[in-house]
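The figures that follow rest on heavy atoms only: side chains count, while hydrogens, waters and symmetry mates do not. Just so it is clear: chains get the letters A, B, ... in the order the sequence lines come, proteins before strands, and each one is counted from 1.
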Amino acid sequence: MQLRPPRGTHDLYGDDALRHRHVVETARRVVGCYGYGEMATPIFEFTGVFARSLGETSDVVSKEMYTFTDRGGEEVTLRPENTASVMRAILTGGLLQSVPLRFFYAGPMFRYERPQKGRLRQFHQIGVELVGAAEPFGDVEVIACGQQILEELGIAPLVRLDINSLGNPLSRARYRDQLTAYLARYRAELSEDSQRRLERNPLRILDSKDEGDRRIVQDAPHLAGAYDDESRYFFAAVQDGLARLGIAFTVNPSLVRGLDYYTHTAFEFTTDALGAQGAVIAGGRYDGLMEQLGGPATPGVGWAAGIERMALLLAETPAAPAPVALVPIGEAAEAEALVLAAELRRAHVPCDLAFKGKTGQRMKRADRIGARFAVVFGEDELQAGTVQLKDLQTGDQRVVARADLRQSLE
RNA sequence: GCGGGCGUAGCUCAGUCGGUUAGAGCGCCAGAUUGUGGCUCUGGAGGCCGUGGGUUCAAAUCCCAUCGCUCGCCCCA
């Protein structure tokens, strides 16, 4: 095999494409009920958009971005996630005049990573952003929306919801200091990875998988202990809202965010059905982001979800709509079939017409493509202005006036 | 970036101790069936055995390298 797509990318067709589309269409339908309008941003941006929003030290920025200089000498980057782009677009378009804003997106993202199950270099995400809403009900709305999508996809039973709060920026900073001071005492005992994390992202050590790290973390100061009144109130209100909606969740104190701009609520819908890549939907509140991009202080909350990961969880491939197969016999009928197919298609009846083949072959094809009906007609039927309508499931066949064909197909 | 597993037909796989022309099932194409699918039967197409080198009289099989895929770590959707 010589011609391959680049590592970590996939061609999407057949069942994969049907599953992919089903996820996106289900999400699109659900978010519409919450008032989210669709936004499509460019798949590349000036590198600064991501570097500023994600933080220079994050793994995504430091080693996972597809960055290049274009022919005009601009530094651009294929988007590794879409939140930063949406915020940029909101600033670009002057949309903050009319907050709150609700946006939904779907499309490809790019990260230079070592691929594994549920992890690709080009992958696809859907996501929502609620911008300009500082209230805990915003967090609740966004989580409820994600929950509903999982339910309508039928994968909610495979997924659990964990939530946590990082507190407001003041609380978060205070906790970071406390934790760093505590962990610094055990620096030598920490795993190699965590020693590195201690410098760059100490909160991440809380959910380390290393045994030794876990023992040390057990006695670390708790995030909740650093909350001030506002942080405490906010988190309680989010939990209260979720409880009112009957959305089950677990408070997971070790759930933290790798990206710098998150405050208050962090949440994750995870599954253990996908190996090491458990996160299906992940999100949180990012009140600091807009400022980091150079805009006015603006609260926001949202999430992103991996389309491939959700598609993998679907119990079965959704069926494509069953077409009607036209089976003309003879040249005159073939010519007429062309016209009949056009009529049906204009009436939005999916319709298959093979370019060649004997009757038996055409019937075989009708069967193979999953047609519900075959419409068979030759000289006799042309003369009579009728067609033979055959139900391919039951095998029943009856004569139908051509003028009545469309109704008979229902 | 680090570690493990695996590369034989479109797909799933078999291939003994290294031994003749590399096999099966499914799928595909055609015929049996000139106006009717599914079932059955018959035939056919389809292989750089991932690639390169080595050992050997002889390599799909053993050795080395390389590429690819895959699973895990890191990180994350």
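Looking only at side-chain heavy atoms (C-beta outward), A:Thr265 and A:Ser165 stay at 4.5 Å or farther from each other. Counting heavy atoms from C-beta outward, A:Thr47 and A:Glu74 have side chains that stay 4.5 Å or more apart.
There is no side-chain donor-acceptor pair under 3.5 Å between A:Tyr286 and A:Gln292. With no hydrogens or angles considered, a side-chain donor-acceptor pair links A:Ser171 and A:Asn168 at under 3.5 Å. With 3.5 Å as the limit, one finds a donor-acceptor pair spanning the side chains of A:Gln388 and A:Glu381.
The existence of a salt bridge linking A:Arg160 and A:Asp162 is confirmed by a sub-4.0 Å separation between a basic side-chain nitrogen and an acidic carboxylate oxygen. A salt bridge links A:Glu343 with A:Arg402: the closest approach of a Lys/Arg side-chain nitrogen to an acidic carboxylate oxygen falls below 4.0 angstrom. Taking 4.0 Å as the cut-off between side-chain N and carboxylate O, A:Asp15 and A:Arg19 do not count as a salt-bridged pair. In this structure, A:Glu113 does not pair ionically with A:Arg121, as no charged nitrogen and carboxylate oxygen lie closer than 4.0 Å.
Across the C1' atoms, B:G44 and B:A9 are found 14 Å apart, a figure rounded to whole Å. Taking atom P on both B:C67 and B:C29, the two are 39 Å apart, rounded to the nearest angstrom. The same atom, P, is picked in B:U12 and in B:A30; the two are 25 Å apart, to the nearest Å. Across the C1' atoms, B:U20 and B:A58 are found 11 Å apart, a figure rounded to whole Å. Taking atom P in both B:G23 and B:U70, the straight-line distance is 31 Å, to the nearest Å. Nucleotides B:G10 and B:C73 are separated by 34 Å at their P atoms, to the nearest Å. Rounded to whole Å, the P atom of B:U40 lies 25 Å from the corresponding atom of B:G35. Comparing the P positions of B:C41 and B:A24 gives an interatomic distance of 16 Å, to the nearest angstrom.
Note on A:Ala366: nothing from the nucleic acid sits closer than 4.0 angstrom, heavy atoms only. Using a 4.0 Å heavy-atom distance criterion, A:Leu120 is classed as a base contact. A:Gly118 comes within 4.0 angstrom of a nucleotide base, judged by non-hydrogen atoms across all strands. Counting any heavy atom pair closer than 4.0 Å across all strands shown, A:Gly395 reaches a base atom. Residue-level contact check: A:Glu381 touches the bases, meaning some heavy atom is under 4.0 Å from a base atom. A:Val376 comes within contact range of at least one nucleobase, with a heavy-atom separation under 4.0 Å.
The distance from atom CG of A:Leu206 to atom P of B:C76 is 13 Å, rounded to the nearest whole Å. Note: CZ (A:Arg398) to P (B:G35) measures 24 Å, nearest angstrom. Rounded to an integer number of Å, the gap from A:Tyr112 OH to B:A77 P is 20 Å. Taking atom CZ of A:Phe123 as the reference point, atom C1' of B:C75 lies 11 Å away to the nearest angstrom. A straight line from NE2 of A:His10 to C1' of B:U70 spans 10 Å, rounded to a whole angstrom. One atom, CG of A:Leu312, and another, C1' of B:C76, lie 15 Å apart when rounded to the nearest Å. For the pair A:Asp272 CG and B:G72 P, the interatomic distance rounds to 13 Å; values are reported in whole Å. Distance CG (A:Leu392) to C1' (B:G37): 7 Å, rounded to an integer number of Å.
With hydrogens and angles ignored, no donor-acceptor pair under 3.5 angstrom links the side chain of A:Gln397 to the base of B:G35. Side-chain atoms of A:Arg204 stay outside donor-acceptor range of the base of B:C76, with no qualifying N/O pair under 3.5 Å. Contact of A:Lys390 with B:G37 (side chain to base): a donor-acceptor pair of N or O atoms is detected under 3.5 Å.
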*Any chance you could lay out the side-chain contact (heavy atoms from CB on, under 4.5 Å) test for A:Ile281 and A:Ile126, step after step, and finish with the verdict?*
CA-CA 9 Å; A:Ile281 299 180; A:Ile126 55 172; over 6 Å; no

*Which is it for A:Leu389 and A:Phe377 under the side-chain contact (heavy atoms from CB on, under 4.5 Å) test, yes or no, and what are the steps along the way?*
CA-CA 9 Å; A:Leu389 180 61; A:Phe377 55 102; over 6 Å; no

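In this structure, the nucleotide among B:C75, B:A77, B:U36 sitting nearest to the side chain of A:Arg197 is B:C75. Closest to the side chain of A:Glu113, from the set B:C75, B:U36, B:G37, is B:C75. Comparing atom distances between the A:Ile329 side chain and each of B:G35, B:U70, B:G37 picks out B:G35 as nearest.
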*For RNA chain B, produce a single dot-bracket line, 5' to 3'. Pairs: Watson-Crick or G-U wobble, both distances under 3.5 Å. Symbols: ( ) within strand, [ ] crossing, | other strand, . unpaired.*
(((((((..((((.....[...)))).(((((.......))))).....(((((..]....))))))))))))....

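Here the closest heavy-atom approach between residue A:Asp391 and residue A:Phe373 is recorded as CA-CD2, 3.9 Å.
Residue A:Gln116 places at least one side-chain N or O under 4.0 Å from the OP1 or OP2 atom of B:G72. A sub-4.0 Å separation between OP1 or OP2 of B:C75 and a side-chain N or O of A:Arg114 is absent.
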Pairs under 3.5 angstrom, nitrogen or oxygen only, protein versus nucleotides 28-31 of chain B, please.
residue	atom	partner	partner atom	Å
B:A30	OP1	A:Gln361	NE2	2.8
B:G31	OP1	A:Lys358	NZ	2.6

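With the nearest nucleotide of RNA chain B identified for both A:Arg111 and A:Gln393, A:Gln393 has the one nearer the 5' end.
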